[in-house]
Amino acid sequence: MATKQGAPAKQASKATKSRKRKPDKADAAATSQIPGPVGEFLKRTSIPKGFVNKKPMALSKLQRRLIEMDLRPTVSIEQLLASANRIEPATLTVKKLPEDVRESIPALKPGLRRFHGAKIPLYWFPFPRLSSACADRFGYMSSPATRKATKLPFNFATQALLGQLGNMMGDAGRDPNPASDNPADAGVSSIPAGFTYFGQFVDHDITFDVSSTLDAETDANTINNMRSPALDLDSVYGRGPGLDPFLYDFPASGPATAIKLHRGTNTPTGSGGPSNNADLSGMVPQTNWEVPRMQGTNTAVIGDPRNDENLIIVQFQHAMLRFHNAVVDLLLAVAFAGDIFAEAKRIVTHHYQWAVVHDFLERICGATAVNNAMTSVSAPIGSPFQMPVEFAVAAYRFGHSMVRDTYWVNFNFPNATLGKVFEFNRNPRLPVFSNWVVDFNAFFDTGVPVPVHNKARKIDSFMANGLESLPGFAGMMAILATRNLRRALALGLPSGQGMANAFGITPMTTAQLTSGLPAAEVAVLNSSGGLLLSKTPLWYYVLREAAVLHSGNQLGPVGGSIVAETFVRILKRDASSYLNVAGGFTPILPSSTAGDFTVADLVTFAGVTQP
């Protein structure tokens, strides 16, 4: 890893070496335990790097296929053709599957529902459940010695002090330009606001803590992680069509494996969503821009209930359902003879993972931090892993400071408050009203003209005022900043300075930590003998580091290292990730830049950027 913030090169090198890990017998055993059919599937991707179709499909043939199958492209037919000709014909066709598997798949359709005794391809299920060593707990990135020496004392005085700091972080008037979308204004970042909610979506793909408490010291190693710590989109796919069939639409005709994700129906209240002419009149009444919901309660039928927390994230969940379905349509268009569901899921997941690393992480952590992590982190396939609380409870919560108090949702709602973003995803305003459908062109740089491009707030210690009164909570639980600080205290996280030293990074000075802060907040930091300045809570330290060292547009060296290294470890240890594709991986789906794939490309191909 490169030397950071003036730290001696020798010290940084030592810190890097301490995080590397050599493969052992347990790693080899984990790899050898991959079931045979799954191992074979992993070796046979339909989009090998550098593949050139010797008999490319002609444009006229693709047009005929689309008409015959009644498929509506989400991008230009020329873009679709380029992707179609990057798909290699299936080497393992459905006809070659074991007879019991081949004959079971059609029996899963709703009209038959013969799940008892059915034989289902193992690679339909979330892969880490089949091969990964124990990874169902939280844990620590830092050493016990670092935590013991640098954590804050767990007592009533510290809890009260953190309460003062947390309550102050969201006070009204802290943000100088709360309604601005101009990065030239103080408080406004250069990051599109959609990444605030994309980051939340990614978090819900890898972590879920339902059992830790704020009232007692807790060892993170005893806390269960209720999500698989892999970027496997189990928050979208659940446990697959064999165990969670209610998430899926099984084909009424055609290939039995062309299984799509089920979508819901909007409450008809008028036009909404994207416009076809950059004006209010270009919106249309949306009918199926929603996740499926249970009749009566309107409970979202999705892989993770937290993706129904607010309007923006549930609409992104809907975009992910459409993303899978668009890839299924692409495979149908090329008459892919293999397992269409499994291949579509793989293509979706690998492009999503690519976007996480090369679009999201490189924006948030910086390309240098991501590249350093790729070089320094050693995580053999199947190696043990516990989700570090330094990441989950501190560094990755940078996104909370990026939340805005108002959003341009669509032409109907140019100034929707954060309260409305929550309110319009609650009964009695469910299913999502058709006129509230989100226009994601205002949240990501899709190239489709909109009057406002929502920008996230800066990554700093100022929180949106709306986060001081979270819907559904009371007391301290309604104040997000206080809750974050108290949770880290209970879990015994090391201080920001402790993590900096562990990484070989020179810690921030007192002058840097207090730079630009209101006098009242500086007074809190200086109280109790300057306790919070000598042992600065890690989450707060990460926010201050981003604000002071990168003007709030990117994480600093400590926060960036924690976040980048955690994601790289997650991907490297997963045999099914894009990093472990034999021969390497290059995106093939339509994109604004050939060989790349961004979140903006994702929502475009999903078909949610046009009416």
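Computed from a predicted model, the values in this text were never measured in an experiment. Note that these values count all heavy atoms, side chains included, but never hydrogens, waters or copies made by symmetry. Here, residue 1 is the first one in the sequence, and each next residue gets the next number.
Each of Phe443, Phe440, Phe444 was evaluated against Phe195; a single residue qualifies, Phe444, per the ring pair (Phe, Tyr, Trp, His ring centres under 6.0 Å) test.
Ring-centre distance between Phe567 and Phe391: below the 6.0 Å cut-off. Checked against the 6.0 Å centroid threshold, Phe341 and His324 count as a close aromatic pair. Taking the six-membered ring where the residue is Trp, the centroids of Phe201 and Phe316 are separated by under 6.0 Å. The aromatic ring centres of Tyr197 and His204 sit 6.0 Å or more apart.
When side chains are defined from C-beta on, Pro245 counts as touching Phe250, because their heavy atoms get closer than 4.5 Å. The side-chain heavy atoms of Leu555 and Val542, taken from C-beta on, include a pair separated by under 4.5 Å. Val356 is not listed as a side-chain neighbour of Leu571, based on a closest heavy-atom distance of 4.5 Å or more. With a 4.5 Å cut-off on side-chain heavy atoms, Pro241 and Trp124 count as touching. Side-chain contact between Ser576 and Asp232 is absent, with no heavy-atom pair separated by less than 4.5 Å. Residues Leu231 and Thr349 have side chains not in contact (no heavy-atom distance under 4.5 Å, counting atoms from C-beta outward). Put simply, the side chain of Phe323 does not reach to within 4.5 Å of the side chain of Leu233, judged on heavy atoms. Side-chain atoms of Val301 and Leu247, non-hydrogen and from C-beta on, do get closer than 4.5 Å to each other.
A donor-acceptor contact shorter than 3.5 Å is absent between the side chain of Lys43 and the backbone of Ala582. Between the side chain of Glu390 and the backbone N or O of Ile562 there is no donor-acceptor pair closer than 3.5 Å. Checking side-chain atoms of His351 against main-chain N and O of Ile347 turns up a donor-acceptor pair under 3.5 Å. Checking side-chain atoms of Asp304 against main-chain N and O of Asp205 turns up no donor-acceptor pair under 3.5 Å. The main-chain N or O of Ala220 is found under 3.5 Å from a side-chain atom of Tyr140 such that the two form a donor-acceptor pair. Under a 3.5 Å cut-off, the side chain of Asn224 and the backbone N or O of Met226 do not form any donor-acceptor pair. Panel note: side chain Glu545, backbone Val558; a donor-acceptor pair is recorded below 3.5 Å. Using a distance-only test at 3.5 Å, with no hydrogens or angles considered, a donor-acceptor pair links the side chain of Ser83 to the main chain of Ile588. Using a distance-only test at 3.5 Å, with no hydrogens or angles considered, a donor-acceptor pair links the side chain of Lys572 to the main chain of Met374. Remark: side-chain polar atoms of Asp359 are paired, donor with acceptor, to backbone N or O of Val599 under 3.5 angstrom.
A cation-pi contact, defined as under 6.0 Å to the ring centre and within 45° of the axis, links Arg306 to Phe208.
In the model, Thr598 has a side-chain atom that pairs as donor or acceptor with a side-chain atom of Asp601 under 3.5 Å. Asn372 and Ser376 are not linked by any side-chain donor-acceptor pair at a separation below 3.5 angstrom, with hydrogens and angles left out of the test.
Distance check: Cys365 SG to His550 NE2 gives 10.0 Å after rounding to the nearest 0.5 Å. With rounding to the nearest 0.5 Å, the separation of CZ in Arg397 from CG in Leu538 is 11.5 Å. Asn371 CG to Thr375 OG1: the interatomic distance, rounded to the nearest 0.5 Å, is 6.5 Å. Rounded to the nearest 0.5 Å, atoms CD1 (Ile364) and CD1 (Ile191) are 4.0 Å apart. Taken to the nearest 0.5 Å, the NZ atom of Lys345 stands 10.5 Å off from the CG atom of Asp339.
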query = Given Phe246 and His262, is the side chain to side chain contact (heavy atoms under 4.5 Å, CB included) satisfied, shown in steps?
reply = CA-CA 8 Å; Phe246 47 84; His262 186 50; over 6 Å; no
Trace of the side chain to side chain contact (heavy atoms under 4.5 Å, CB included) decision for Thr45 with Arg346 = CA-CA 8 Å; Thr45 175; Arg346 171 158 51 187; 4.1 Å; yes
task = Could you check Asp234 against Arg239 for side chain to side chain contact (heavy atoms under 4.5 Å, CB included), going step by step and ending with a plain yes or no?
result = CA-CA 7 Å; Asp234 59 345; Arg239 296 171 299 171; over 6 Å; no
Working for side chain to side chain contact (heavy atoms under 4.5 Å, CB included), residues Lys96 and Thr91 = CA-CA 9 Å; Lys96 294 180 182 178; Thr91 53; over 6 Å; no
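Of all non-hydrogen atoms in Phe51 and Pro89, the two that sit nearest each other are CZ-CD, 4.1 Å. Considering every non-hydrogen atom in both Asn221 and Gly139, the closest pair reads OD1-CA, 3.7 Å. What you find for Ser577 and Gln353 is that their closest heavy atoms are CA-OE1, 3.4 Å. Nearest approach of Pro507 to Asn501, heavy atoms of both residues: CG-OD1, 3.5 Å. Considering every non-hydrogen atom in both Arg544 and Ser461, the closest pair reads NH1-OG, 3.3 Å. The minimum heavy-atom distance between Gly303 and Arg227, with the atom names listed, is O-NH1, 3.5 Å.
Look at Lys260 and Asp249 and you find no salt bridge, because none of the NZ, NE, NH1 or NH2 atoms lies under 4.0 Å from a carboxylate O.
Between Phe398 and Tyr396, the ring-plane angle classifies as perpendicular under the 30° and 60° cut-offs. Ring planes of Tyr237 and Tyr248: parallel class, angle under 30° (limits at 30 and 60°). Ring geometry, Trp354 versus His358: the interplanar angle falls from 30° to 60°, so the pair is classed tilted.
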